[in-house]
Amino acid sequence: MLGSKRAHLLPVSLGLVLLLAAAPCRCAEIVGPPRPSVGLVLSGGGARGAAHAGVLRVLEELRIPVDYVAGTSMGAVVGGLYACGMSPQEIETTLREIDWDEMFDDSPPRRHLPLRRKMADQVGLFGFELGLGPGGFKLPAGLVAGQKLGYLLEALTLRSTGAASFDGLPVPFRAVATDIDTGERVVMWKGNLAEAMRASMAVPGAFTPVDRDGMTLVDGGLVCNLPVDLVRTMGADIIIAVDVSPQAGASRETASAAMILIQSLYLLMDQNAQQQRELLGSVDVLVVPDLGDMSPADFRAVPSAIDAGEEGARLAIDELAHLSVNEADYETFLERQRRSTVQLLGTAVVERIQISGMSRADPRVIAGVVRTEVGAPLRLDVLRKDLDRIYELGDFEHVSFRPATTDGVRTLLIDVTDKSWGPHFIRAGLSSEADFQGRGDFAALISFLTTRVNPHGGEWRTGVRFGTENGISTELYQPLDFSGLFFVSPRIGFNQRRSEVFTNGSFDEEYGVAILEGGVDGGIQLRNYGEIRGGVFLGRRTATARRGRVADTSAVGGYSASVTIDQLDNLSFPRSGAFVSLGGRSFSRDFGSDVSYDEVTISACTAVRRGDHALAAVVRGGTSLGSVPPIYEQFELGGLLSLSGYERGQLRGPYFALGELIYHYRVLRLPRPLGTGIYAGVSLEAGNVWEDAGDIRADDLLYAGSVFIGADTFLGPLYFGLGLTEHGDSSGYISLGMSVVRN
């Protein structure tokens, strides 16, 4: 009976099995094997690394999702931007629009500096400084501190704010650097993303190292320029490696110490990259864009590097195609990759500003130049100017920012790093001017500066001059409050110079003038525009005529006042901005002076440019207001761009006026560490000196002009010129350290 029932159930059971086999499964979705995870490796290579943006563009076109990213140097920059949510198009646009010459010049625009820093341009000091601290003499750790680059990276990676580690970014990320103390590879996986990117590309000697987690970090290309193994350990099944490493031996330039050093670095990078390339398997893809012999330092070739990266990736399309996913899956990836972790943008307000990192500067001085408001949304345009103003104070090697939420409070962290080679700074210089008649002056200059001598930001500067003119002076610049608006400035100095007087067609009188003078000024600092200053002075002056005859020994004393507005971009080759200075000194018997006379001077300049062309208008003048100063203290004209064609000091009197139009064209741009450029120019000049105010007439003007070749270098401005007077007289000149604008 039981067997009979089983016999009847068998067909039913078989039918149910066949029915279930034929019907779709309702209890679980049947899926294929999971796709392999993709890791992207981006090598270092300086400007060549812009090719990575072109590769990313192709990966997006092919709908290839990236699960892990690791990079070195420029590869860390591009990879970090992609990992924190930037699209390939955004990265490409950013790289194309950056002014790389400006980016690698951390010197603030001259017009933004305080006037006391601008005045260094007028004394012929070199553009670099030596530090003196407890450990002795020190040099800056690199040509570029990375201030502008650091700000750019901070701004571009704001969307990553709030990520606990780089695994929390839209795409997990790693950056590689080198510990300069141990020579070991350092893998950065948490902390400040922008700082990690900057550390990874801190080329030794070019960029200052980055202090991070107790280590001193430099460019990761020294130890691992193509971190294939790193992405593998992150979990990647398949690796796409993009290698833009510079090729050792590609350059055929004449051997030099610099080229040998560079080629050695390239060889080191290429060797460790080759070791990593050998770790790639048969399913991995290696993309090597054809960048030819493009130099890692040639950032003007960034657009062509991007195009080369795209072309290189397209050549590998057959190898990459199997990694593509369908549109729906790629949209899901893009939603993740474009995700932002930012917590302090948009309408979120800054609830606290915290300044940290300084050791010598008082935080109240820093706070005095910050315009970002607590209780208002974070505005990057305002913050950028805040960081610039802090950096322009001249005391810091680096200024950075980071939004954070601490104890539930949205905080803007501003971190400042003192110059590591301070707190005492030494600058040297040369000043020389000679004509082809064999007359000239020469001086070697040394400036000693101690900053932050007290909480209000006092500065003590001492200058020494040796040569045709000898002297030493020292001055304390003391702000009276943390805003730096009001100041006092006591000073004392000794100066010894030669003064030649042109009469009867030759320089037949010569005086040696020695002055010991002290004084104290007070004034108002007009931020970075200029200053108003006034004060009193006392001293003694001795003039010795040729053959040792004492011509004059007298006590001097009186008062002085000046107003200076300086917004020129450059005193020697002005291309934009304006300058005006009005000043006067009165030698008064009321102050114990044995002589009594006045002098008032004015100097003004405005400049405009179009491309590499620039035109400057200069006006200078002086008056003794009817008084009679000693002949060796009267105003002088003559020399290059001071009635060119006349000999220096050939024209002398108690009144003078000079007007000039100066055109110059930038023939060649120089790399920023070396200077701004080489220029060719001409000038048209009109002016004269007079013995009496009643003699001043327009029809009494003398006319002259010049042609010149000049170079604005880190050693100072260098001029070679030929001047011609309206009477046909001519003179050639060589000058180092000359300013077009002179007080």
Side-chain angles (χ1 to χ4, degrees), residues 35-83 85-96 170-171 173 225-228 230-232 236-247 270 273-274 276-277 279-294 296 298-299 301-327 329-330 333-334 337-338:
R35 70 171 181 83
S37 59
V38 176
L40 180 63
V41 182
L42 304 178
S43 82
R48 298 165 62 95
H52 297 317
V55 174
L56 286 172
R57 182 200 303 170
V58 175
L59 296 185
E60 186 158 294
E61 288 179 8
L62 294 175
R63 300 196 305 272
I64 298 176
V66 175
D67 302 287
Y68 307 99
V69 180
T72 298
S73 196
M74 193 64 168
V77 172
V78 175
L81 296 179
Y82 185 73
M86 287 184 71
S87 68
Q89 183 58 50
E90 289 175 315
I91 297 172
E92 178 180 335
T93 300
T94 298
L95 294 177
R96 289 181 184 273
V171 179
F173 172 69
N225 203 45
L226 186 70
V228 171
L230 180 56
V231 171
R232 188 83 74 190
D237 297 317
I238 296 178
I239 291 175
I240 302 172
V242 185
D243 191 1
V244 296
S245 302
Q247 301 300 304
D270 187 49
Q274 178 58 39
Q276 291 290 316
R277 286 193 292 266
L279 300 178
L280 296 171
S282 59
V283 296
D284 300 323
V285 180
L286 175 64
V287 177
V288 183
D290 184 6
L291 295 165
D293 59 356
M294 175 182 171
D298 188 8
F299 281 88
V302 159
S304 60
I306 294 173
D307 295 338
E310 177 184 358
E311 182 179 348
R314 293 195 186 284
L315 292 176
I317 281 181
D318 290 343
E319 300 174 72
L320 294 169
H322 72 285
L323 300 176
S324 297
V325 298
N326 59 51
E327 291 187 8
D329 287 346
Y330 196 68
F333 162 75
L334 288 182
Q337 192 264 327
R338 303 293 195 266

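These numbers were taken from a predicted model, which means no experiment stands behind them. Values reported hereafter were calculated over all heavy atoms of this structure, with side chains retained and with hydrogens, waters and symmetry mates removed.
Here the closest non-hydrogen pair linking Ala236 and Ser37 is CA-OG, 3.5 Å. Looking at every heavy atom in both residues, Asp290 comes nearest to Ala308 through O-CB, 3.7 Å. Heavy-atom minimum distance, Met74 versus Ala50: CG-N, 4.3 Å. Considering every non-hydrogen atom in both Ala316 and Val287, the closest pair reads CB-CG2, 4.2 Å. When every heavy atom of Asn225 is checked against every heavy atom of Ser245, the shortest pair comes out as ND2-OG, 2.8 Å. Nearest heavy-atom pair across Leu40 and Val231 is O-CG2, 3.8 Å.
Under a 3.5 Å cut-off, the side chain of Thr72 and the backbone N or O of Gly44 do not form any donor-acceptor pair. Judged by distance alone, the side chain of Arg63 and the main-chain N or O of Val325 form a donor-acceptor pair under 3.5 Å. When atom types are taken as modelled, the side chain of Arg48 and the backbone of Met294 share a donor-acceptor pair closer than 3.5 angstrom. No donor-acceptor pair closer than 3.5 Å links the side chain of Glu92 to the backbone N or O of Ala53.
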Passes side chain to side chain contact (heavy atoms under 4.5 Å, CB included), Ile64 versus Ile240? Steps please.
CA-CA 10 Å; Ile64 298 176; Ile240 302 172; 4.3 Å; yes
Side chain to side chain contact (heavy atoms under 4.5 Å, CB included) between Leu226 and Val41, worked out:
CA-CA 7 Å; Leu226 186 70; Val41 182; 3.8 Å; yes
The test is side chain to side chain contact (heavy atoms under 4.5 Å, CB included); show your working for His322 and Ile238 and say whether it passes.
CA-CA 11 Å; His322 72 285; Ile238 296 178; 4.1 Å; yes
Between Tyr82 and Val66, does a side chain to side chain contact (heavy atoms under 4.5 Å, CB included) hold up when you go through it step by step?
CA-CA 10 Å; Tyr82 185 73; Val66 175; 4.1 Å; yes
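Within a 6.0 Å sphere centred on CD of Glu60, other residues, nucleotides and ligands contribute more than 12 heavy atoms. More than 12 heavy atoms of other residues, nucleotides or ligands shown are found within 6.0 angstrom of CG on Asp329.
With respect to Arg277 and Asp270, a salt bridge is recorded, a charged nitrogen being found less than 4.0 Å from a carboxylate O. Ionic pairing of Arg96 and Asp307 is present here: one or more N-O contacts between side-chain nitrogen and carboxylate oxygen are shorter than 4.0 angstrom.
Applying the side chain to side chain contact (heavy atoms under 4.5 Å, CB included) rule to Val288 yields the partners Asp243, Leu286; only residues at least two apart in sequence or on another chain are considered. Shown here are the side chain to side chain contact (heavy atoms under 4.5 Å, CB included) partners of Glu90, two or more places apart in sequence or in another chain: Met86, Ser87, Arg159.
A side-chain contact (heavy atoms from CB on, under 4.5 Å) with Val78 holds for exactly one of Thr94, Val242, Ile91; it is Ile91.
Within the 4.5 Å cutoff, the side chain of Leu323 has no heavy atoms near those of the Leu62 side chain. Residues Ser43 and Gln276 have side chains not in contact (no heavy-atom distance under 4.5 Å, counting atoms from C-beta outward).
Going from atom CD of Glu327 over to atom CG of Leu334 covers 11.0 Å, rounded to the nearest 0.5 Å. Atoms CG and CZ, on Leu230 and Arg232 in that order, are 11.5 Å from each other to the nearest 0.5 Å. For the atom pair Glu61 CD and Leu320 CG, the distance stands at 12.0 Å (nearest 0.5 Å). Rounding to the nearest 0.5 angstrom, the gap separating the CD atom in Gln337 from the OH atom in Tyr330 is 7.0 Å.
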